[in-house]
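Below: the structure, in structure tokens.
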Amino acid sequence: MSNRELFVLGTASAVPTRRRNHNGYLLRWDGQGLLFDPGEGTQRQMSHAGLAANDLHWVCVTHFHGDHCLGVPGVVQRIARDGVAHPVNAVYPASGAAYWERLRHAASFHDTADIAEHPVQGGGAELAGAGFTLTALRLDHGIEAYGYRLAEPDGRTMLPEKLREHGIRGPEIGRLSGPLLEECSVPRPGQKMAFVMDTRLCDNVFALAEGVDLLVIESTFLDSEERQAAEHGHLTARQAGRVARECGVRRLVLTHFSERYTEADEPLFLEQAGFPGAVLARDLDRIPLPPRRRTGD
Ligand SMILES: [Zn+2]
């Protein structure tokens with residue numbers, strides 16, 4: 001099983017359908033679980049996906065429209081009920097703090113959940129995770145919304161034959177520096193993922209998606225509803241595909257589809273996105289990050 005993988009929990013936009021739950025995604029990143037935009041029904045979708053409250057370390061809300069946050073009460077209460085021992089970080093737009101408070105305390109429960117709150121304001125924020133940086137950048141939607149980018153720092157991959165050649169072993173490897181380190185290792189680009197939900201095209205969409213291994217991006221509408229997309233602060237599949245191409249994205253995941261479309265319309269999303277290998281997300285899909293880039297890729 002891949003240790004970096006996206007669990008798709010829901011792929012509908014404002015109105016869930018028989019085939020698509022409200023939005024929701026869990027990114028498993030080594031030992032950490034980042035839950036993005038838990039819409040209504042996320043707790044049950046997690047069960048279907050084989051995920052437990054204990055798998056959660058971060059809850060990241062892009063904005064406070066219902067399809068991006070109505071699952072918060074169930075998830076928080078489950079964290080408490082299951083006695084999750086580690087703290088869970090919550091990131092959300094500061095302007096929606098009143099909504100967060102209500103969702104966090106929506107019903108009566110024995111509240112033992114240890115939730116560290118990180119409201120984001122202004123242009124965005126940068127938060128330190130276990131082995132990654134989580135960046136939030138402001139998007140362009142009807143209400144304040146932020147997209148997220150998770151980036152692992154660049155590192156180096158050791159070359160065993162070079163280490164042997166120089167007789168370097170054990171703890172000496174960790175102490176290598178300068179020209180010897182350069183000779184005995186090659187650069188290892190860190191992996192990156194971006195999560196871009198409700199927004200019009202804007203500079204920060206491109207900034208979030210630049211060079212990522214995995215881009216999860218809303219494509220609520222098709223070309224035929226392009227004007228509606230702009231009016232309501234959404235992207236079309238074509239715009240999502242353009243972002244992926246211009247940013248050198250490796251794997252593109254389209255999601256957050258309007259309920260107006262039927263299954264028969266779905267090939268049009270891929271066609272209009274025009275990005276090789278793009279994935280049209282379905283509920284309960286598991287999508288691994290592509291293998292790590294090698295130097296020179
Ligand atoms: Zn929205």
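In listed order, ligands and their atoms are each counted from 1.
- Partner Thr220 forms a side chain to side chain donor-acceptor pair (under 3.5 Å) with one of Arg260, His234, Glu225 and no other, that one being His234.
- Phe269 shares a hydrophobic cluster with Leu137, Leu139, Val196, Leu201, Val205, Phe206, Leu208, Val212, Leu215, Ile217, Phe221, Leu222, Leu235, Val243, Val249, Leu252, Leu254, Phe257, Tyr261, Leu268, Leu270, Phe275, Leu280; the chain of contacts runs through ILVMFWY side chains whose heavy atoms sit under 4.5 Å apart.
- Protein N/O/S atoms closer than 2.8 Å to the Zn ion (ligand 1): His63 NE2, His65 ND1, His141 NE2, Asp198 OD2.
- Heavy atoms only, all atoms of each residue included: Ile168 and Glu172 are closest at CA-OE1, 3.4 Å.
- Residues passing the ring-ring contact (aromatic ring centres under 6.0 Å, His included) test with His57, sequence neighbours excluded: His86.
- Under the rule for a side chain to side chain contact (heavy atoms under 4.5 Å, CB included), the partners of Arg251 that lie at least two apart in sequence or sit in another chain are Leu214, Ile287, Pro288, Pro290.
- Between Asp213 and Lys192 there is no salt bridge, since no side-chain nitrogen of the basic residue lies less than 4.0 Å from a carboxylate oxygen of the acidic one.
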